[in-house]
Amino acid sequence: MSEIILQQTRVDQGLDYYKKFVREYPKVSDLARASEDEVLKLWEGLGYYSRGRNLLATARFIVDHLDGKFPRSAKDLRELKGIGPYTSAAISSIANNEPIAAVDGNAFRVLSRFFDIELDIAKQSTRKYFEELMTKLIEGERPGDFNQAVMDLGASICTPKKYQCEECPLESGCLSFQKKIVDQRPVKIKKMKIRNRYLNFLILIKNEKIAIQRRDQGIWKGLYQFPLIESNHEITKFSELKEISNLELHSGELLTSFSKPHKLSHQNLFISYWTLQSADLTVNCDLDKINSYSFPKPLKDFIAAEILKINV
DNA sequence: GATCCGTGGTA
DNA sequence: TTACCAAGGAT
């Protein structure tokens, strides 16, 4: 129960839930009889609710198909819903004295620092290396204590930030400490997360002139662009654009609209261009000077063709 | 292998 | 404000 609750969850956050669950369901058969609504109600606020559903499903499976007896080995535990490489090893080493390493986030951090391992722990393939390394380190008859000791060290002293090497019992043997690169371990290549943005540019035409504005922030700061309305989703209808904008677009007659996605390394742009006639906005740029301005590339690609269409 | 799932704490 | 992260697992 505790190993399931403590997946990706701190002890102080999960402790009360653990107490509730063992009080409500002292035996696996008690849990197996509970309804899913009941279990999820108890789980409420803890997050990762599939854990609660898998917990119940596994309790029922153990009662219905395993005669109420838990598997002993990590290999067999691994087959149960909600129990993966870490949890199976943790349970088996603690409850069954199986000499197998429970590699969690703490183990990655502690071992990568102690042995100065440069492997990227964000890669799934790295797990195997750490599992084999740490399993070799298990000696004696208390593999569960060894695993928990590594986790405790990582949770209390060898923490991600503000680690306290001077308090660490392993300081003298720690390669990262000797090299003064503790802050660089573990190596975790963070994948750039790509943001979606929805940009609606207004091409406002009035008396052979076109409205532009200058960006004052962001990656295009200082460059010129068409008046922009950014939305949190893709706008496909002009009426919707008028609704979400504070601008007085009602006086503008829609001539054409055009959409083109544009991929940057760090964001996907969904760009729509809306060409309006007789718009009631400040017009400050001669149409024939438009190419002399520094527009963002996604705009540049489009401007020439659009202007041609306007002139036609 | 990449992505999603949740809430709470921290720098 | 924001990113990062915490005793991971399923898809």
Side-chain angles (χ1 to χ4, degrees), chain A residues 1-22 39-59 61 71 74-95 98 100-113 119-131 134 138 143-164 182-197 217-218 266-268:
Chain A
M1 182 68 78
S2 65
E3 287 301 340
I4 300 299
I5 287 178
L6 290 177
Q7 288 168 358
Q8 292 284 285
T9 305
R10 291 187 175 82
V11 173
D12 54 4
Q13 189 185 349
L15 184 56
D16 287 343
Y17 288 88
Y18 171 78
K19 289 178 178 174
K20 279 197 301 183
F21 270 88
V22 295
V39 171
L40 289 178
K41 184 61 181 173
L42 273 186
W43 200 273
E44 194 173 61
L46 193 52
Y48 284 131
Y49 296 95
S50 63
R51 288 184 297 171
R53 285 189 290 270
N54 287 334
L55 181 71
L56 175 58
T58 290
F61 182 81
K75 180 175 177 298
D76 292 340
L77 285 163
R78 176 71 182 76
E79 301 300 316
L80 301 174
K81 279 188 179 178
I83 297 182
Y86 161 75
T87 305
S88 60
I91 294 174
S92 180
S93 65
I94 294 171
E98 181 175 342
I100 183 173
V103 179
D104 70 335
N106 291 306
F108 276 123
R109 187 170 56 256
V110 170
L111 294 187
S112 70
R113 285 175 175 169
L119 294 178
D120 176 14
I121 67 165
K123 298 186 68 174
Q124 244 176 273
S125 55
T126 302
R127 162 174 291 276
K128 184 178 174 65
Y129 179 89
F130 277 81
E131 283 174 344
M134 185 166 161
I138 298 179
D145 283 353
F146 177 84
N147 283 331
Q148 293 186 77
V150 172
M151 289 188 273
D152 266 348
L153 187 67
S156 59
I157 292 175
C158 194
T159 54
K161 299 164 186 173
K162 301 187 83 170
Y163 36 81
Q164 306 165 67
V182 176
D183 61 322
Q184 297 171 39
R185 298 289 178 272
V187 174
K188 188 172 185 178
I189 310 291
K190 60 171 184 285
K191 205 158 53 274
M192 180 101 60
K193 73 175 171 190
I194 299 178
R195 181 165 61 121
N196 287 339
R197 298 181 68 185
Q217 57 184 347
H266 61 304
Q267 52 190 26
N268 292 326

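Chain A is the first sequence line, chain B the second, and so forth, proteins listed ahead of strands; every chain is numbered from 1.
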When you compare [N] with [M], how far apart are their [atom1] atoms, in angstrom units rounded to a whole number?
{"N": "C:dA6", "M": "B:dG1", "atom1": "C1'", "value": "22 Å"}
{"N": "B:dA2", "M": "C:dA7", "atom1": "C1'", "value": "23 Å"}
{"N": "B:dC4", "M": "C:dA3", "atom1": "P", "value": "16 Å"}
{"N": "C:dT1", "M": "B:dG6", "atom1": "P", "value": "25 Å"}

Practice prompt. Between A:Lys81 and A:Asp152, just flag the one whose closest nucleotide in DNA chain C comes earlier from the 5' side.
Written response: A:Asp152
What is the distance, rounded to the nearest whole Å, between atom [atom1] of [X] and atom [atom2] of [N]?
{"X": "A:Gln8", "N": "C:dC4", "atom1": "CD", "atom2": "C1'", "result": "12 Å"}
{"X": "A:Gln7", "N": "C:dG8", "atom1": "CD", "atom2": "P", "result": "7 Å"}
{"X": "A:Ile189", "N": "B:dG1", "atom1": "CD1", "atom2": "C1'", "result": "16 Å"}
{"X": "A:Lys188", "N": "C:dC4", "atom1": "NZ", "atom2": "P", "result": "9 Å"}
{"X": "A:Ile121", "N": "B:dG1", "atom1": "CD1", "atom2": "P", "result": "15 Å"}
{"X": "A:Ile100", "N": "C:dA7", "atom1": "CD1", "atom2": "C1'", "result": "16 Å"}
{"X": "A:Leu77", "N": "C:dG9", "atom1": "CG", "atom2": "P", "result": "12 Å"}
{"X": "A:Glu3", "N": "C:dG9", "atom1": "CD", "atom2": "P", "result": "9 Å"}

Indicate, with a heavy-atom threshold strictly under 4.0 Å, whether [X] touches base, sugar-phosphate, or nothing.
{"X": "A:Ile4", "result": "nothing"}
{"X": "A:Ile5", "result": "nothing"}
{"X": "A:Ser2", "result": "nothing"}

Practice prompt. Work out which heavy atom in A:Ile138 is nearest to a heavy atom in A:Pro143; give both atom names and the distance.
Written response: CG2-CB, 3.6 Å
Fill in: Distance-minimising heavy-atom pair for A:Pro71 and A:Asp76
CB-CB, 3.6 Å
Item to complete: Any chance you could lay out the side-chain contact (heavy atoms from CB on, under 4.5 Å) test for A:Asp183 and A:Lys161, step after step, and finish with the verdict?
Response: CA-CA 8 Å; A:Asp183 61 322; A:Lys161 299 164 186 173; over 6 Å; no
Protein-nucleotides 9-11 of chain B N/O pairs under 3.5 Å:
residue, atom, partner, partner atom, Å
B:dA11, OP1, A:Lys162, NZ, 3.4

Fill in: Heavy-atom neighbours of A:Lys20 NZ exceed 12 at 6.0 Å
yes
Worksheet entry | Other residues, nucleotides, ligands: >12 heavy atoms within 6.0 Å of A:Phe146 CZ | yes
Discussion item. Strictly below 4.0 Å: does A:Arg109 bring a side-chain N or O up to OP1 or OP2 of C:dA6?
Written reply: yes
Worksheet item: Within the structure, does a side-chain N or O atom of A:Thr87 lie under 4.0 Å from either OP1 or OP2 of C:dG9?
Response: yes
Worksheet item: Is it true that A:Trp43 and A:Phe21 have ring centroids separated by less than 6.0 Å?
Response: yes
Keeping the roles fixed (side chain from [X], backbone from [Y]), state whether a donor-acceptor pair exists under 3.5 Å.
{"X": "A:Arg109", "Y": "A:Pro186", "result": "no"}
{"X": "A:Thr126", "Y": "A:Gln124", "result": "no"}
{"X": "A:Asp104", "Y": "A:Thr87", "result": "no"}

Fill in: Identified side-chain contact (heavy atoms from CB on, under 4.5 Å) partner of A:Ser112 from the options A:Lys188, A:Gln184, A:Arg185
A:Arg185
Response to the item:
Residues of residues 40-55 of chain A with a heavy atom under 4.0 Å from any atom of DNA chain B, listed by number, are A:Gly45, A:Leu46, A:Gly47, A:Tyr48, A:Tyr49
